[in-house]
There are 2 protein chains.
Amino acid sequence: MIDAPQNSVFDASGHDHGACIHDALARAETLCQQQGLRLTAIRRRVLELIWENHRPTKAYDLLNTINAERGNAAPPTVYRALDFLLDAGLIHKIESLNAFIGCDAGHGDGHPKFLICRACERVAEIPSPAVDNALAREAKRAGFTIDHETIEIGGTCAACAHRG
Amino acid sequence: MIDAPQNSVFDASGHDHGACIHDALARAETLCQQQGLRLTAIRRRVLELIWENHRPTKAYDLLNTINAERGNAAPPTVYRALDFLLDAGLIHKIESLNAFIGCDAGHGDGHPKFLICRACERVAEIPSPAVDNALAREAKRAGFTIDHETIEIGGTCAACAHRG
DNA sequence: CTTAAAATGTTATATACTAACGATTGAATA
DNA sequence: TATTCAATCGTTAGTATATAACATTTTAAG
């Protein structure tokens, strides 16, 4: 009963973290190559740190790490890398946490939506055509054209609820 | 003067702005009286400024205004008033803008959801049981217990789209 | 090679928010 | 009415988040 829950979007069982990071970086390399974008050393390292952390990661935590490694990072160093990664669709910003998380490519064509566990700080990026459709209907009713959706659902994941 | 769009949740036609502010403050007075909360001068003024602006309003804009009026406001002056108003449900925070807007009491029991026009900066608070239900189903599927929803849809309102 | 654009380094500053503690106010009641 | 305790507010200081502006370096294209 202490095991991680099965069949959950938060499920980490069978998760090879090293492979997960590696895959994310490989996907980033491919995407940048395809789009003619430059995944420079700093940008790559920032993306890697975000995936290593595997939780919403703060800009200044990245800054401190990079500084420890290279010694000469200032805020713009990190924010510029983050801006690049956001524009490339390789990370998402969690507005309600002022933090950043890797895009897990699980949301397909829809807008990204996040379940955020306040207990373990993990985030699940979920697809939901039903939510997208409902929002599209509301927007249409209002004559509103959607550019971007910020959908961040805070609460408690199954595993943390079980732990009490 | 900004043109008033027609037939929209953004619709401001037939909108008597003075009455709108007055009504919001009257609702606040009533609610505080009912709940035994104290709508002090600062809190009342902050709420009034937010409604006067009728757009997402930044804490430091409030601070500057209050300072011009009273001369001795510091950040905690404004943030404490904002915390009170948030707790009382009289305003909402728009996370994607780090700004605050009056609660228009239009969302009923559901979680608040916002359509945010990037052109005119106006915000419509929309109810949508369909969205709430779809999210509830997704959460249930994931074994996730929802505490709070941040739903902020950015885009262009009908009036701004028409203006080109 | 040259050069223009992109990326990065660097300094400074703006914006967002909170901790801590003393002073004041106000409502409840001795 | 005086006392008192909690809520509110004033004030100082500090931390966290993010951007402006301009100099320098790197890179890809001509």
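The model shown is predicted, which means the values in this text are computed figures rather than measured ones. The chains referred to below are lettered A, B, ... by the order of the sequence lines, with proteins before strands, and numbering in each begins at 1.
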Using the rule given for side chain to side chain donor-acceptor pair (under 3.5 Å), can you reason through B:T57 versus B:N53, listing the C-alpha separation, both sets of side-chain angles and the distance that settles it, and then say yes or no? CA-CA 7 Å; B:T57 304; B:N53 194 21; 2.6 Å; yes
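- Using a 4.5 Å heavy-atom threshold, the side chains of A:I50 and A:L82 count as touching.
- Protein atom NZ of A:K93 is 12 Å distant from nucleotide atom C1' of D:dT19, rounded to whole Å.
- In this structure, A:W51 and A:H17 approach most closely via the heavy-atom pair O-CE1, 3.4 Å.
- Distance CG (B:D83) to C1' (D:dA7): 15 Å, rounded to an integer number of Å.
- The nearest pair of heavy atoms linking B:C157 to B:R122 is SG-NH2, 4.4 Å.
- A:N67 has its CG atom 15 Å from the P atom of D:dA16, to the nearest Å.
- A donor-acceptor pair shorter than 3.5 Å can be found between the side chains of A:E152 and A:S96.
- Per the geometry, CG belonging to B:D87 stands 11 Å off P belonging to D:dT8, to the nearest Å.
- Proximity of B:Y79 to the phosphate of C:dT18: no side-chain N or O atom is located under 4.0 Å from OP1 or OP2.
- Rounded to whole Å, the distance from CD on B:Q33 to P on C:dA27 is 12 Å.
- In this structure A:F144 satisfies the ring pair (Phe, Tyr, Trp, His ring centres under 6.0 Å) test together with B:F10, sequence neighbours excluded.
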Indicate for each nucleotide in nucleotides 7-15 of chain C, in 5' to 3' sequence, whether protein heavy atoms under 4.0 Å reach the base (B), only the sugar-phosphate (S), or nothing (-). SBBBB----
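- Between the CG atom of A:N64 and the P atom of D:dT15 there is a distance of 13 Å, given to the nearest Å.
- The ring pair (Phe, Tyr, Trp, His ring centres under 6.0 Å) check on B:H148 picks up nothing, with sequence neighbours excluded.
- Among residues at least two apart or in separate chains, salt bridge (charged side-chain N to carboxylate O under 4.0 Å, His left out) pairs with a member in residues 67-81 of chain B are B:R45-B:E69.
- For C:dA16, neither phosphate oxygen OP1 nor OP2 lies less than 4.0 angstrom from any side-chain nitrogen or oxygen of A:N98.
- Two end axes, each from the C1' atoms of five base pairs, can be drawn for the helix from C:dC1-D:dG30 to C:dA30-D:dT1; they diverge by 20°, to 10 degrees.
- Atom CZ in B:R45 sits about 18 Å away from atom C1' in D:dC9, given to the nearest Å.
- Going from atom CD1 of B:I66 over to atom P of D:dT8 covers 17 Å, rounded to whole Å.
- With sequence neighbours excluded, no residue forms a ring pair (Phe, Tyr, Trp, His ring centres under 6.0 Å) with A:H111.
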